[in-house]
Amino acid sequence: ETGVTQTPRHLVMGMTNKKSLKCEQHLGHNAMYWYKQSAKKPLELMFVYNFKEQTENNSVPSRFSPECPNSSHLFLHLHTLQPEDSALYLCASSLAGGRDEQYFGPGTRLTVT
Amino acid sequence: QKEVEQNSGPLSVPEGAIASLNCTYSDRGSQSFFWYRQYSGKSPELIMSIYSNGDKEDGRFTAQLNKASQYVSLLIRDSQPSDSATYLCAVATNTDKLIFGTGTRLQVFP
């Protein structure tokens with residue numbers, strides 16, 4: 001595997017379900033990010049982890065819970081989501097901080113029914 | 001005022017022409033600037049980064065930065081139909097957050 005991978009690629013879940021998104025980077029980077037992309041809106045930064053420590057939580061509702069066990073893996077745990085949470089969720093990584101080039105995974109297309 | 005502004009387009013150019021994509025930003029302390037290409041249904045792909053004033057060329061792509069005017073642009077020479085995509089401008093603020101514009105949709109017609 002190379003670059004940034006994400007699983008699953010597509011996810012349909014009900015509002016009462018609990019699911020997790022997984023991201024793995026094979027670039028030797030130290031910073032990882034979760035973004036949300038909705039139609040007609042710019043990419044929204046959700047969370048930032050630098051050397052496994054969360055350095056940014058962009059006022060994200062608590063129904064989204066990130067986890068970063070090491071610099072290569074990032075999870076987004078989802079529970080009791082709303083239909084407006086349906087979007088493309090993108091993981092990215094960079095060497096260190098936000099000024100470095102960020103590389104994106106293929107994304108998870110999430111639909112909340 | 002939006003932090004990073006782009007014209008949503010679509011920008012339509014004929015094959016072989018130069019496509020010019022523009023972006024303005026509001027944070028004067030910004031130091032890093034990026035252009036991403038995003039095909040429909042796909043994730044953003046980094047195509048250019050620029051950090052200092054002036055031009056930076058990579059193949060058919062040229063990024064131009066003018067910090068005094070808070071303006072960054074991307075020129076695509078010899079445009080091809082395969083260049084048709086949405087181009088996202090991203091700016092790293094002085095708090096190390098990467099802020100994206102809404103993107104400009106480019107259409108290259110044969």
Side-chain angles (χ1 to χ4, degrees), chain A residues 2-10 21 23-25 27 29-51 53-60 87-111, chain B residues 1-10 21 23-52 56 58 61 63 65 67 72 74 85-105:
Chain A
T2 58
V4 182
T5 59
Q6 288 186 245
T7 54
R9 297 292 305 277
H10 300 272
L21 309 185
C23 174
E24 184 173 358
Q25 59 94 2
L27 299 169
H29 289 167
N30 297 298
M32 296 187 77
Y33 311 80
W34 280 117
Y35 286 89
K36 175 184 178 183
Q37 189 174 39
S38 306
K40 308 293 184 188
K41 286 186 174 182
L43 274 163
E44 299 173 56
L45 179 65
M46 300 175 72
F47 301 104
V48 181
Y49 279 83
N50 236 315
F51 294 90
E53 298 297 319
Q54 187 180 121
T55 56
E56 184 83 30
N57 176 339
N58 208 20
S59 304
V60 181
L88 181 67
Y89 288 85
L90 292 158
C91 173
S93 71
S94 70
L95 185 59
R99 298 187 187 190
D100 295 328
E101 298 174 341
Q102 291 187 24
Y103 296 89
F104 285 85
T108 296
R109 174 68 64 186
L110 173 67
T111 303
Chain B
Q1 182 190 7
K2 291 181 187 175
E3 293 183 84
V4 177
E5 292 208 50
Q6 296 182 255
N7 188 318
S8 61
L21 304 157
C23 172
T24 58
Y25 60 94
S26 60
D27 184 350
R28 277 201 170 273
S30 299
Q31 297 294 325
S32 306
F33 306 85
F34 308 94
W35 283 99
Y36 287 83
R37 177 176 61 198
Q38 187 172 24
Y39 292 112
S40 180
K42 303 292 186 184
S43 63
E45 173 193 8
L46 179 67
I47 52 172
M48 289 289 283
S49 57
I50 186 165
Y51 303 93
S52 54
K56 179 182 177 183
D58 184 0
F61 299 100
L65 175 61
K67 290 185 180 179
V72 58
L74 179 70
T86 295
Y87 289 80
L88 304 175
C89 172
V91 177
T93 68
N94 60 4
T95 56
D96 270 7
K97 281 175 66 171
L98 194 61
I99 308 296
F100 285 82
T102 51
T104 297
R105 190 156 65 94

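Sequence lines set the chain letters: A, B, ... in the order given, protein chains first and strands last, and positions in each chain run from 1.
For I99(B), no part lies near chain A; criterion is any non-hydrogen pair under 4.5 Å. When heavy atoms are compared at a cutoff of 4.5 Å, F33(B) does not approach chain A at all. Contacts of L45(A) with chain B are made by side-chain atoms alone, with heavy-atom separations under 4.5 Å and no backbone atom involved. With a threshold of 4.5 angstrom between heavy atoms, N58(A) approaches chain B through side-chain atoms but not through N, CA, C or O. For L98(B), the parts lying under 4.5 angstrom from a heavy atom of chain A are both the backbone and the side chain. Looking at S30(B), there are no atoms closer than 4.5 Å to chain A (heavy atoms on both sides), in backbone or side chain.
Annotation: maximal heavy-atom pairing with chain A below 4.5 Å, among S43(B), G103(B), A92(B), occurs at S43(B). Among G41(B), G101(B), S8(B), S32(B), the residue making the largest number of heavy-atom pairs under 4.5 Å with chain A is S32(B).
N50(A) CG to T55(A) OG1: the interatomic distance, rounded to the nearest 0.5 Å, is 5.0 Å. In this structure, the separation between CD on Q38(B) and CG on L90(A) is 7.0 Å, given to the nearest 0.5 Å.
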I'd like to know whether S49(B) forms a side-chain hydrogen bond (donor to acceptor under 3.5 Å, both in side chains) with E101(A), so could you lay out the CA-CA distance, the side-chain angles of the two residues, the decisive distance to 0.1 Å, and finally the verdict. CA-CA 7 Å; S49(B) 57; E101(A) 298 174 341; 2.6 Å; yes
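Defined by atom type and a distance below 3.5 Å, a donor-acceptor pair is missing between the side-chain atoms of Q37(A) and Y35(A). The closest side-chain donor-acceptor pair between Q6(A) and E24(A), if any, does not fall under 3.5 angstrom.
For Y49(A) and Y33(A), the ring centers are positioned 6.0 Å apart or more.
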